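A quick write-up on the structure given underneath.
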Amino acid sequence: MKVYLSNKSPSDQSFKHCSNLAALDAAASDSEITKLTIDCFLCSFSFEEVGEAMTQILKKCRMNCEVTVMEADCNMLFRLYTRGDIDLEYFNTLFFESSKRCILNMPTIESLIPENFKVEEKYISNSAFSIVKLRRIK
């Protein structure tokens, strides 16, 4: 089962779209998902809740499951704003959309990854998003 976890609709219709944890629980049992994309979803939790949310999400992954996590990277966005590469309106749109409750960066996302997952790839996209690709190994 392929799942797209986001408040946005997936561009690839082969993914089952879940916009909240209740929908994810209804769509997939523990260890059922084979491919998971988490697109700007973690920021919808408070900073204190994001670790528990990640735990709940990743327990749905089957062994060898591919996981892609995408979140706006506050470190890169601050740098782009300071340099004048993005304007204040765009900056505010990214950080203060109605569903956002926290901002994250690459080190924070990496700290949320449990030991039974391996980071296979990580990078910052051209649009200043942290992209972390994981695989469940245990």
Side-chain angles (χ1 to χ4, degrees):
M1 166 180 261
K2 295 175 12 176
V3 174
Y4 184 80
L5 187 57
S6 181
N7 294 315
K8 305 179 267 184
S9 295
S11 56
D12 183 344
Q13 297 303 313
S14 69
F15 281 78
K16 169 76 175 155
H17 179 232
C18 297
S19 60
N20 57 51
L21 290 180
L24 179 65
D25 277 340
S29 300
D30 289 359
S31 301
E32 186 176 6
I33 297 174
T34 56
K35 188 168 186 170
L36 174 63
T37 300
I38 306 169
D39 186 357
C40 297
F41 183 76
L42 296 175
C43 63
S44 64
F45 297 92
S46 71
F47 196 76
E48 294 78 24
E49 298 169 328
V50 76
E52 179 58 32
M54 187 70 140
T55 299
Q56 289 181 22
I57 293 164
L58 293 180
K59 75 179 183 181
K60 300 292 184 178
C61 295
R62 179 175 288 186
M63 187 68 98
N64 210 29
C65 176
E66 293 177 36
V67 180
T68 302
V69 180
M70 298 178 286
E71 288 288 338
D73 189 289
C74 66
N75 294 354
M76 293 305 299
L77 289 167
F78 290 143
R79 185 176 302 151
L80 290 172
Y81 175 72
T82 302
R83 290 182 184 167
D85 293 337
I86 59 174
D87 64 19
L88 189 59
E89 181 179 355
Y90 178 70
F91 189 80
N92 275 279
T93 300
L94 285 174
F95 282 116
F96 301 109
E97 288 176 344
S98 61
S99 65
K100 289 192 168 99
R101 295 181 58 205
C102 74
I103 55 176
L104 302 169
N105 60 14
M106 182 75 73
T108 304
I109 292 169
E110 287 181 290
S111 75
L112 300 172
I113 300 167
E115 291 180 8
N116 60 335
F117 283 80
K118 175 185 175 195
V119 175
E120 294 196 320
E121 185 178 356
K122 62 181 179 176
Y123 60 94
I124 303 292
S125 73
N126 291 340
S127 53
F129 279 76
S130 292
I131 312 289
V132 182
K133 296 189 178 202
L134 315 168
R135 185 171 302 275
R136 182 168 177 188
I137 56 171
K138 299 180 201 174

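Bear in mind that the values here come from a model prediction, so they are computed numbers and not experimental data.
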Members sharing Ile137's hydrophobic cluster (side chains within less than 4.5 Å): none
Hydrophobic cluster of Met63, others only, ordered by chain and residue number, side-chain cut-off 4.5 Å: none
- prompt: Is there side-chain contact between Phe45 and Leu21, with at least one heavy-atom pair below 4.5 Å?
  reply: yes
- prompt: When you measure from the side chain of Arg79 to the backbone N and O of Tyr81, does any donor-acceptor pair fall under 3.5 Å?
  reply: no
task: Would you check if the side chain of Glu71 reaches a backbone N or O of Ile109 as a donor-acceptor pair within less than 3.5 Å?
output: no
query: Should the pair Phe15 and Tyr4 be assigned to parallel (<30°), tilted (30 to 60°) or perpendicular (>60°) ring geometry?
result: perpendicular
task: Please list, chain by chain and in numerical order, all residues satisfying salt bridge (charged side-chain N to carboxylate O under 4.0 Å, His left out) with Asp85, sequence neighbours excluded.
output: none
Test salt bridge (charged side-chain N to carboxylate O under 4.0 Å, His left out) applied to Asp25 - qualifying residues, sequence neighbours left out: Lys60
message: What verdict does the side-chain hydrogen bond (donor to acceptor under 3.5 Å, both in side chains) test give for Thr37 and Asp39, after you've listed the backbone C-alpha separation in whole Å, the side-chain angles of each residue and the deciding distance to 0.1 Å?
response: CA-CA 6 Å; Thr37 300; Asp39 186 357; over 6 Å; no
Indicate every side-chain donor-acceptor pair of residues 51-59 with a distance under 3.5 Å to a residue at least two apart or in another chain.
unit_1: Glu52; atom_1: OE2; unit_2: Gln56; atom_2: NE2; d: 3.4
unit_1: Thr55; atom_1: OG1; unit_2: Gly51; atom_2: O; d: 3.1

query: In terms of hydrophobic clusters joined by side-chain contacts under 4.5 Å, are Met1 and Leu134 together?
result: yes
message: Listing request: all salt bridge (charged side-chain N to carboxylate O under 4.0 Å, His left out) pairs with a residue in residues 108-129, at least two apart in sequence or in separate chains.
response: Glu110-Lys122, Glu120-Arg135
